[in-house]
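Chain letters run A, B, ... following the sequence lines, proteins first and then strands; every chain starts at 1.
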Amino acid sequence: MSSRYTAELAAEIEQRWQDRWESEGTFHAANPEGDLADAGAAELGEKYFIMDMFPYPSGAGLHVGHPLGYIATDVVGRHQRMLGKNVLHALGYDAFGLPAEIHAISTGEHPRTNTEANMVNMRRQLRRLGLGHDDRRSFATIDPEFVRWTQWIFLQLFNAWFDPELQKARPIAELVEKLGTADPSVIDQHRLAYVSNSPVNWCPGLGTVLANEEVTSEGRSERGNFPVFTRSLRQWNMRITAYADRLIDDLDRVDWPEPVKLMQRNWIGRSHGAHVDFASAAGPIRVFTTRPDTLFGATFMVLSPEHPLVEALTTPEQADAVAEYRAAAVAKTDVERQADKQKTGVLTGSTATNPVNGEQVPVLVADYVLMGYGTGAIMAVPDGDARDAEFAEVLGLPTVQVLQGETLVNSSNADVSLDGLTVEDAKARIVSWLEANGHGTGTTTYRLRDWLFSRQRYWGEPFPIVYDEHDNPIAVPDSMLPVELPEVPDYSPRTFEPDDVTSEPEPPLGRAEDWVHVTLDLGDGPRRYRRETNTMPNWAGSSWYELRYADPHNTDQLVSPANEAYWLGPRESGGTGGVDLYVGGVEHAVLHLLYARFWHKALFDLGHVSSEEPFHRLYNQGYIQAYAFIDARGSYVPADEVVETVSDAGESTFTWNGDPVQREYGKMGKSLKNVVTPDEMYDAYGADTFRVYEMSMGPLDVSRPWETRAVVGAQRFLQRVWRLVVDEESGATVSTDADLDDATLSVLHKTIDGVAADMDGLRFNTAIAKLIELTNHLTKAEVTSRAAVEPLTLMLAPFAPHLAEEIWARLGHESSIVREPYPVADPALLVDDTVLCIVQVQGKVRAKLDVPAAASEEQLTELALAEANVQRAIDGREVRKVVVRAPKLVNIVV
RNA sequence: GCCGACAUGGCGGAAUGGUAGACGCGAUGGUCUCAAAAACCAUUGUCCGAAAGGGCGUGCGGGUUCGAGUCCCGCUGUCGGCACCA
């Protein structure tokens, strides 16, 4: 039988090693304490905690783009293990969510059934990749034990308040003590998880409310693209705004890509300015402005249509016009408001007093002022703000010039003058004047809103909350967790006509009458309670799952302090702690990553974790894209049946069944008929080839097109490595124990040195290129000595682990390669006796010289000038200057 | 509109301010074969040249520098985020 490294042989090798890894528990990582502690181990050593953004178990199965990040983290994990680290790497499933619920609604089957079937299929597809995961630590967010702790965290937040003085969360009992009252109407206002009757994004088409983050800029639902209306409804919220400053400031302490940090900063949107009170008949109208320096130019005021003072300020003459305007505004979605090109608004008939000059300025209502930002009221300065100028133009309102370039003019009263000051100086002076005279204060506002936390869905975590007869929310005691989902006859919330603004949410849990109404003894005897029927949003489980990997089976605690401190705790003083490397797509830059940071910080404040941030280092992998092809009718045609023809001019045209088709570039997807699955790659090449190809395609953080045709390059490389060790005809091991020649020794150690640097920087594409170069050198020089082949195999192990194990075993090693020490370069072998010296004339290369590494500047100049080609380039001109970077470069300037 | 990232052969991509195009795909030629596949070897930015060698080349226009794909300024294009945020 031939011993060629074919897909069949690869499959056999891969399966065999996967079985062995599993039976030997090769990737088990020991905990300091608890059920995963290793009694025999004396010392755990240095840890490395690596995480992927865990997958949603979709029914569609995987395409070749999905494993990219999982392969990359596996390469890192395997490399770290060979560096002697105790590596924690596991994969869970984010298994609540709408797709399973939609499937359940259409089939009548419980969402758990389908979700679990999908997980089985996904585990099978992923197992064949040979990922070095500790399977004991896998979980799904729908597991009752996981739900229990998600609910427990919710109760921690429910039973906590944010102390603005200390800038941290504290137990609610301390607030009760501080305020001297336990009155729910007071206390409930301060909880980190609280119920409020406030404007929310109501989506009748989905029958549920949505978080701001789930609403598109077009004012529609991210899912389903239904209109979303602002409605005041009683819903659960998370006080994430309390953490706005810490969420911004601590970005400076984590190792994240700058663009992601910037997106979070922009999302939180901290802006410094001032609150200014304008006196009016209805009392002071408070505005927020980032430009208090332009206060002398405020010629009118604008209130949002929802502003509470509108009614009191409206004069009888304007009552009809204002009522009509407000009614029209309410009926519009946010996007429709923005779609109106021309600004609109009406006078209230009242005026207010500009505190700096006593001017009576008219007060108007206009929908370009949003209730949700600042105070919902602005001072309008047509000279400073383009929108105010536009509105002033439309309504013929006056303008006063207060700015000349960057300098203030026309801005003084008897008490204070800003004239001639720069913007920054003027801001400081006017704010101190406002504060001294009781007209306002310097302040900071945020774009970030509190996190709307309830959904009218079935397939989510139930709230561990019941209501008493006064409708006060009461925590279900920890001993009764988890609160499990009841069986219901119908999994869908009631949905409405997408445009039905007046509809009211009706969650599916409301149908489980027996479940909703319960008798509980919460310490004061059995009483009747009503359960919360909303469920938590999809983000809940992913907001804390990093903690559970560290102690997945703990039934007494979320995570034991010792296990948390070991895996996540800060390792240097002032450090944030957190996962050592978190890899995933940039699409989670704000939502998931902001929510997870918020929960983690709250748990830190309450003393449950020692780390201040969940993810110390974040890395965004790129996406694998694909070409799709459309025929003349605009339908997608199967991409793998399209034929490419290249003209003599080098231009490609594409045909399908002889008909021309158009190529477009984008995602891989079933509907685009361009899906390539990992299973196809396993069958055609084997998992190791697939892994090497994905890692060699380009830098990990850049998106690039999939090209099945190019996978063979990775296979050829692995076949060359195989042949260095195994005779294809006989299957015999051909390695020798010969010493290496100087040239090979030098190439080997340069490779080890270069690959080590590339591994540290996650530059797997160039690391593989260097391994290919080494392999090509060994092949050409006919070197099969284990002195070269063993280090090559060790360096290849993170990328092609099965092949590396097999070669390692055939070289006579009995134990797995997984924890063999990674090769280290000998610095003495990195220096050559002679080096290539580039000789330039006027910056252009004119000669390449082999020179002694120790050559002096004078010697190099002499050698360079002696070259005929250099002399020809100088062409008799005077040498003005010679730049020498010994020993590699000489540049002659004439 | 505001903010950010990116732009290199036919393709994916290499390149601490110092040889532009590593490595891979594809293509062309060859070895092996009755033949083919596979594998292996060679060539492969472009133009002039028999060769030696030379000209031109990293989206466009400037600049800094002995030397710029890389740094600075100004454009263009592509992608991403935010968007009446006061």
Side-chain angles (χ1 to χ4, degrees), chain A residues 4 6 217 257-267 269 271 273 287-291 294 302 304 334 337-341 343 366-370 372-381 384-388 390-391 445-448 586-587 589-590 644 646-647 649-652 692-693 696-699 701-714 716-717 719-720 723 728 757 763 765-773 775-776 779-780 836-848 868-869 872-873 880-885 888-894:
Chain A
R4 274 176 54 75
T6 57
S217 55
E258 276 309 319
V260 175
K261 290 186 180 184
L262 192 66
M263 274 190 255
Q264 291 217 346
R265 285 194 194 100
N266 290 342
W267 188 264
S271 52
V287 302
F288 173 72
T289 176
T290 55
R291 295 295 303 275
T294 62
V302 187
S304 158
D334 287 349
R337 289 192 186 187
Q338 290 170 33
D340 297 332
K341 291 187 191 80
K343 292 213 175 343
D367 64 7
Y368 79 92
V369 175
L370 311 174
Y373 183 78
T375 62
I378 62 161
M379 61 177 211
V381 183
D385 185 286
R387 293 154 305 181
D388 295 346
E390 195 190 320
F391 192 49
T445 61
Y446 304 86
R447 209 190 72 103
L448 183 70
V586 72
E587 73 270 21
V590 280
E644 178 175 6
V646 183
S647 71
E651 282 172 9
S652 286
V692 169
Y693 174 64
S696 67
M697 289 168 82
D701 55 355
V702 175
S703 296
R704 66 227 100 149
W706 175 261
E707 192 176 12
T708 300
R709 190 169 68 170
V711 180
V712 71
R716 285 179 191 151
F717 162 51
Q719 284 174 333
R720 284 198 294 278
R723 282 198 297 271
E728 289 194 339
R763 294 186 299 270
N765 54 330
T766 51
I768 290 172
K770 290 180 176 80
L771 294 179
I772 293 174
E773 284 180 272
T775 303
N776 290 351
T779 301
K780 199 164 290 186
L836 188 68
C837 178
I838 302 302
V839 182
Q840 299 176 331
V841 178
Q842 302 288 73
K844 284 189 185 298
V845 179
R846 296 299 171 183
K848 299 172 186 179
N869 209 38
R872 188 161 46 222
R880 282 170 39 211
K881 187 175 173 186
V882 181
V883 179
V884 185
R885 292 282 175 272
K888 294 177 85 171
L889 183 105
V890 177
N891 189 13
I892 295 161
V893 186
V894 297

With rounding to whole Å, what would you report as the distance between B:G18 and B:G1 at their C1' atoms? 43 Å
Measuring only the C1' atom in each nucleotide, how far is B:G57 from B:G69? A whole number of Å is fine. 11 Å
Counting side-chain heavy atoms from C-beta on, which of B:G12, B:C84, B:G55 comes nearest to A:Arg846? B:G55
Reckon A:Arg265 touches a base, only the sugar-phosphate, or nothing at all at heavy-atom distances under 4.0 Å? nothing
Could you check whether A:Ala710 gets within reach of a base, just the sugar-phosphate, or nothing at all, counting any heavy atom under 4.0 Å? sugar-phosphate
Going by the rule ring pair (Phe, Tyr, Trp, His ring centres under 6.0 Å), which residues pair with A:Tyr368 if we only count those two or more places apart in sequence or in a different chain? A:Phe391
Give me the distance, rounded to whole Å, that separates B:A7 from B:C75 when you measure between the C1' atoms they each carry. 14 Å
Which residues pass the side-chain hydrogen bond (donor to acceptor under 3.5 Å, both in side chains) test with A:Gln840, sequence neighbours left out? none
Please check this pair: side chain of A:Gln264 against backbone of A:Ala589, looking for a donor-acceptor N/O pair closer than 3.5 Å. yes
Can you check whether A:Lys848 reaches A:Val839 side chain to side chain, under 4.5 Å on heavy atoms? no
Step-by-step side chain to side chain contact (heavy atoms under 4.5 Å, CB included) determination, A:Asn776 to A:Lys780: CA-CA 6 Å; A:Asn776 290 351; A:Lys780 199 164 290 186; 5.8 Å; no
Touch class at under 4.0 angstrom, heavy-atom based, for A:Arg4 against every strand present: sugar-phosphate
Checking all strands, does A:Val586 fall into the base, sugar-phosphate, or nothing category for heavy-atom contacts under 4.0 angstrom? nothing
Return the nearest nucleotide to the side chain of A:Met697; candidates are B:C23, B:U19, B:G12. B:G12
Taking side-chain hydrogen bond (donor to acceptor under 3.5 Å, both in side chains) as the definition, give me every residue that meets it alongside A:Ser304, ordered by chain and number, with sequence neighbours left out. A:Glu306
Among B:C3, B:G13, B:A20, the one nearest any side-chain atom of A:Val845 is B:A20
Measure from the side chain of A:Ala769, starting at C-beta and using heavy atoms only, and say which of B:C11, B:A86, B:A22 lies closest. B:A22
Who pairs with A:Thr708 by side-chain hydrogen bond (donor to acceptor under 3.5 Å, both in side chains), at least two apart in sequence or on another chain? A:Trp706
What's the separation between atom OG1 in A:Thr766 and atom CG in A:Leu771, rounded to the nearest 0.5 Å? 10.0 Å
Between the protein and nucleotides 63-66 of chain B, list every N/O to N/O distance that falls short of 3.5 Å.
{"residue": "B:C66", "atom": "O2'", "partner": "A:Asn891", "partner atom": "ND2", "Å": "3.4"}
{"residue": "B:C66", "atom": "O2", "partner": "A:Asn891", "partner atom": "ND2", "Å": "2.5"}
{"residue": "B:C66", "atom": "N4", "partner": "A:Arg885", "partner atom": "NH2", "Å": "3.4"}

Assign each of A:Gly713 and A:Asp388 the nucleotide of RNA chain B bearing its closest heavy atom; nearer the 5' end lies the nucleotide of A:Gly713
Closest to the A:Lys343 side chain: B:C84, B:A38, B:A86? B:C84
Any base atoms under 4.0 Å from A:Leu836, or only sugar-phosphate, or nothing? Heavy atoms, all strands. base
Of the listed nucleotides (B:C23, B:C82, B:C25), which one gets closest to any side-chain atom of A:Arg447? B:C82
Which residues pass the salt bridge (Lys or Arg N to Asp or Glu O under 4.0 Å) test with A:Arg846, sequence neighbours left out? none
Assign A:Ser271 to base, sugar-phosphate, or nothing according to its heavy-atom contacts below 4.0 angstrom with the strands shown. sugar-phosphate
Considering only atom P, compute the distance from B:C2 to B:U44 and round it to an integer number of Å. 48 Å
Begin with the C-alpha distance, continue with both residues' side-chain angles, and end with the deciding distance and a verdict on side chain to side chain contact (heavy atoms under 4.5 Å, CB included) for A:Val893 and A:Gln842. CA-CA 5 Å; A:Val893 186; A:Gln842 302 288 73; 3.7 Å; yes
Among B:G26, B:A86, B:C3, the one nearest any side-chain atom of A:Asn266 is B:C3
Taking the same atom, P, in B:A22 and in B:G9, what whole-Å distance lies between them? 13 Å
Rounding to an integer number of angstrom, what distance separates B:C25 and B:C34 when you compare their C1' atoms? 32 Å
Can you check side chain to side chain contact (heavy atoms under 4.5 Å, CB included) on A:Ile378 and A:Asp385, steps first, answer last? CA-CA 11 Å; A:Ile378 62 161; A:Asp385 185 286; over 6 Å; no
N or O in side chain of A:Lys844 less than 4.0 angstrom from B:C56 OP1/OP2: yes
Kindly write out the residues that satisfy ring pair (Phe, Tyr, Trp, His ring centres under 6.0 Å) with A:Phe717, not counting sequence neighbours, or none if the list is empty. none
Syn/anti state of B:G21 by chi, 90° boundary around 0: anti
Using a 3.5 Å cut-off on both pairing distances, which stems of three or more Watson-Crick or G-U pairs include RNA chain B? B:1-7 with B:76-82, B:10-12 with B:23-25, B:26-31 with B:39-44, B:45-48 with B:53-56, B:59-63 with B:71-75
Among B:A14, B:G4, B:G53, which is the nearest nucleotide to the side chain of A:Asn869? B:G53
Close N or O pairs between protein and nucleotides 40-48 of chain B (under 3.5 Å):
{"residue": "B:C40", "atom": "OP1", "partner": "A:Arg723", "partner atom": "NH2", "Å": "3.1"}

Just checking A:Thr289: base, sugar-phosphate only, or nothing, at a heavy-atom cut-off of under 4.0 Å? sugar-phosphate
Looking across every strand, which nucleic acid part, if any, lies under 4.0 Å from A:Leu262 by heavy atom: base, sugar-phosphate, or nothing? sugar-phosphate
Give me, pair by pair, the N or O atoms of the protein and of nucleotides 29-32 of chain B that are less than 3.5 Å apart, along with how far apart they are.
none

Between B:G45 and B:G62 - P atom distance, rounded Å: 28 Å
Residue set satisfying side-chain hydrogen bond (donor to acceptor under 3.5 Å, both in side chains) with A:Glu587, at least two apart, ordered chain then number -> A:Tyr623
Just the rounded figure in Å: distance from C1' of B:C25 to CG of A:Asn765. 15 Å
My understanding is that only residues two or more places apart in sequence, or in another chain, count here; which of them pass salt bridge (Lys or Arg N to Asp or Glu O under 4.0 Å) with A:Lys261? A:Glu258
